[in-house]
Number of protein chains: 2
Amino acid sequence: MLGVKLKELRETNGMVQRQIAALLEVDTAFISKVEKEEKQISKNHISRLAKLFKVSESELNSFWVADKILALIEDEKKENIERILEIVSVSKKIKIK
Amino acid sequence: MLGVKLKELRETNGMVQRQIAALLEVDTAFISKVEKEEKQISKNHISRLAKLFKVSESELNSFWVADKILALIEDEKKENIERILEIVSVSKKIKIK
DNA sequence: CTATTTTTGACCAAATAAGTACAAGTAAAT
DNA sequence: ATTTACTTGTACTTATTTGGTCAAAAATAG
């Protein structure tokens, strides 16, 4: 989710992975894996990326957390996921669209 | 969530922590912390607990995963949690009650 | 062709999470 | 009142995960 989004943002801004890597002070190989959703960036990179691409930091952050959740539930059956999200939303008193 | 549930199950079955600890082959102190939600049991203990208490394994498992998710989102603002769960449910094509 | 960008796989270090050790506390039973 | 069974707090160890590197291979562009 976030990886693909970051790749889109990078490309619409006409940048190459090396430039993103330089900004975050990480290896380009790592950026490649992030964009292919093989690895996740650490949370503290998000604000820099949001500033770079001029997008909402909390929106990027929401995708970051969503990715973590998706990793947690990836082996669960659909019916169980429904139940899990119900437990979470009830516990947090939240209604989901 | 799960810790409290396990404590209730243990008590309605008239058992003490030491017995649960013996079943899972862990320290009794650890069980105490699990019930106080200070630690989480590892996922592979769940089937043994489900059998012991004769409850649905997938229901216990759902609470286990929900606990993980709750830990992930505990610092997020309510509005962001709504957004995050929306992203997850859309991505998994799920409708939440 | 060759130079640059992206991808891959094996590996590593630091952080986090699961679990332990043990002392000390509580409550009940004898 | 003291033994016994059970629970909790703090601090420690161990296992697992995760964020990241390095070198080399594969695409892509010029």
Side-chain angles (χ1 to χ4, degrees), chain A residues 1-50 52-53 57 60-61 63-76 84 88, chain B residues 1-50 52-53 60-61 63-76 84:
Chain A
M1 304 244 56
L2 182 60
V4 170
K5 209 163 201 75
L6 290 175
K7 181 172 191 177
E8 286 167 12
L9 284 168
R10 175 173 67 79
E11 287 173 343
T12 49
N13 284 270
M15 299 180 79
V16 297
Q17 290 179 354
R18 180 173 37 75
Q19 295 172 282
I20 312 296
L23 174 84
L24 302 183
E25 296 170 283
V26 298
D27 199 292
T28 61
F30 180 58
I31 300 300
S32 168
K33 284 165 199 166
V34 168
E35 291 186 352
K36 301 201 95 196
E37 315 258 317
E38 285 162 21
K39 302 270 165 151
Q40 258 194 283
I41 52 172
S42 81
K43 208 170 184 178
N44 54 58
H45 288 322
I46 286 181
S47 65
R48 292 212 263 191
L49 292 168
L52 171 67
F53 296 131
E57 177 172 345
L60 283 193
N61 182 65
F63 274 90
W64 186 90
V65 179
D67 271 349
K68 288 269 173 195
I69 294 176
L70 287 166
L72 261 176
I73 65 180
E74 70 178 347
D75 295 331
E76 303 292 334
I84 290 163
V88 171
Chain B
M1 302 242 59
L2 181 59
V4 170
K5 212 166 199 66
L6 290 175
K7 180 171 193 177
E8 286 166 9
L9 285 167
R10 176 175 65 79
E11 287 173 346
T12 48
N13 283 270
M15 297 181 80
V16 296
Q17 291 180 350
R18 180 172 39 76
Q19 294 173 285
I20 312 297
L23 175 84
L24 302 183
E25 296 172 281
V26 298
D27 200 289
T28 60
F30 181 59
I31 299 300
S32 168
K33 285 158 202 163
V34 168
E35 291 187 352
K36 299 198 91 192
E37 315 258 316
E38 285 163 20
K39 303 268 168 155
Q40 258 194 286
I41 51 172
S42 80
K43 208 171 183 177
N44 54 56
H45 288 322
I46 285 179
S47 66
R48 307 244 282 263
L49 292 169
L52 172 66
F53 296 131
L60 283 193
N61 182 65
F63 274 91
W64 187 90
V65 179
D67 272 347
K68 288 266 173 199
I69 293 176
L70 288 167
L72 260 176
I73 64 180
E74 68 177 348
D75 295 331
E76 302 292 333
I84 291 163

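In what follows, every chain begins at residue 1, and chains take the letters A, B, ... in the order their sequences are listed.
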Asker: Can you tell me how far P of D:dT21 sits from CD of A:Glu25, to the nearest Å?
Answerer: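 Nearest whole value for this atom pair: 10 Å.
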Asker: In whole Å, I'd like the distance from the CG atom of A:Leu72 to the P atom of D:dT17.
Answerer: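 One finds 12 Å between P of D:dT17 and CG of A:Leu72, rounded.
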Asker: Give one of base, sugar-phosphate or nothing for B:Lys36, where a contact means two heavy atoms less than 4.0 Å apart.
Answerer: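 Sugar-phosphate only.
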Asker: Give the rounded distance in Å between these two atoms: CG of B:Asn44 and P of D:dT16.
Answerer: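 Rounded to whole Å, this separation is 10 Å.
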Asker: Output yes when a side-chain donor or acceptor of A:Arg48 lies under 3.5 Å from a complementary backbone atom of A:Leu23, and no otherwise.
Answerer: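 Yes, A:Arg48 side chain to A:Leu23 backbone: donor-acceptor pair under 3.5 Å.
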Asker: So what does B:Glu35 hit on the nucleic acid, given a heavy-atom distance under 4.0 Å: a base, only sugar-phosphate, or nothing?
Answerer: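 If one applies the 4.0 Å heavy-atom cut-off, B:Glu35 turns out to touch nothing in the nucleic acid.
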Asker: Do B:Lys5 and B:Phe63 meet the cation-pi criteria used here (NZ or CZ under 6.0 Å from the six-membered ring centre, within 45° of the axis)?
Answerer: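 That pair qualifies as a cation-pi contact.
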Asker: Which is true for B:Glu38 with a 4.0 Å heavy-atom rule: it touches a base, it touches only sugar-phosphate, or it touches nothing?
Answerer: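 B:Glu38: backbone/sugar contact only, no base atoms under 4.0 Å.
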Asker: Roughly how many Å is it from CZ in A:Phe30 to P in C:dA10, rounded to a whole number?
Answerer: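 Rounding to the nearest Å, CZ of A:Phe30 and P of C:dA10 are 19 Å apart.
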Asker: Report yes or no: is there a donor-acceptor pair, N or O only, under 3.5 Å between the side chain of A:Lys33 and the base of C:dG9?
Answerer: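 Per atom types, the contact qualifies.
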Asker: Just by distance, do the side chain of A:Glu37 and the backbone of A:Val4 share a donor-acceptor pair under 3.5 Å?
Answerer: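 Present.
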Asker: Nearest whole angstrom, please: distance from the C1' of C:dG9 to the NZ of A:Lys39.
Answerer: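 Spelled out: NZ on A:Lys39 to C1' on C:dG9 is 10 Å.
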Asker: In whole Å, what is the span from the CE atom of B:Met15 to the P atom of D:dT7?
Answerer: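 So the CE-P distance, B:Met15 to D:dT7, works out to 11 Å.
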Asker: Using a cut-off of 4.0 Å on non-hydrogen atoms, how would the nucleic acid contact of A:Ser42 be classed: base, sugar-phosphate, or nothing?
Answerer: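 Sugar-phosphate: the residue A:Ser42, judged by heavy atoms under 4.0 Å, touches backbone atoms but no base.
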Asker: Would you say A:Arg10 places a side-chain N or O within less than 4.0 Å of OP1 or OP2 belonging to C:dT5?
Answerer: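 Answer no for this pair, as no side-chain N or O of A:Arg10 is under 4.0 Å from OP1 or OP2.
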Asker: Give a yes or no on whether the backbone of A:Glu57 and the side-chain of A:Asn61 come within a donor-acceptor separation of less than 3.5 Å.
Answerer: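 It does not hold such a pair.
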Asker: For A:Lys43 and for B:Gln17, locate the closest nucleotide of DNA chain D by heavy-atom distance; then report the residue assigned to the nucleotide nearer the 5' terminus.
Answerer: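 Result: B:Gln17.
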Asker: Could you check how far CG of A:Asp67 sits from C1' of D:dG19, rounded to whole Å?
Answerer: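 In whole Å, D:dG19 C1' and A:Asp67 CG are 15 Å from each other.
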Asker: If you compare every side-chain N and O of B:Ser32 against the phosphate oxygens of D:dT7 (OP1, OP2), does one of them come in below 4.0 Å?
Answerer: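 No, B:Ser32 has no side-chain N/O under 4.0 Å of OP1/OP2 on D:dT7.
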Asker: Quick one: on DNA chain C, does B:Ala29 or B:Gln40 contact a more 5' nucleotide (nearest heavy atom)?
Answerer: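 First, find each residue's nearest nucleotide; the 5'-ward one identifies B:Gln40.
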Asker: Can you figure out which of C:dT8, D:dT18, C:dC11 approaches the side chain of A:Lys68 most closely?
Answerer: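 Among C:dT8, D:dT18, C:dC11, the one nearest the side chain of A:Lys68 is D:dT18.
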Asker: With a cut-off of less than 4.0 Å, is there a side-chain N or O of A:Arg18 near OP1 or OP2 of C:dT7?
Answerer: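 No, because none of the side-chain N or O atoms of A:Arg18 sits under 4.0 Å from OP1 or OP2 of C:dT7.
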Asker: Under 3.5 Å, side chain of B:Gln17 to main-chain N/O of B:Ala29, donor-acceptor pair present?
Answerer: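 Pair absent, no side-chain N/O of B:Gln17 close to backbone of B:Ala29.
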Asker: Could you check how far CD1 of A:Ile20 sits from P of C:dT5, rounded to whole Å?
Answerer: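 About 13 Å, once rounded to whole Å.
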Asker: Taking 4.0 Å as the cut-off, does a side-chain nitrogen or oxygen of B:His45 come that near to OP1 or OP2 on C:dG19?
Answerer: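 Yes, within the criterion.
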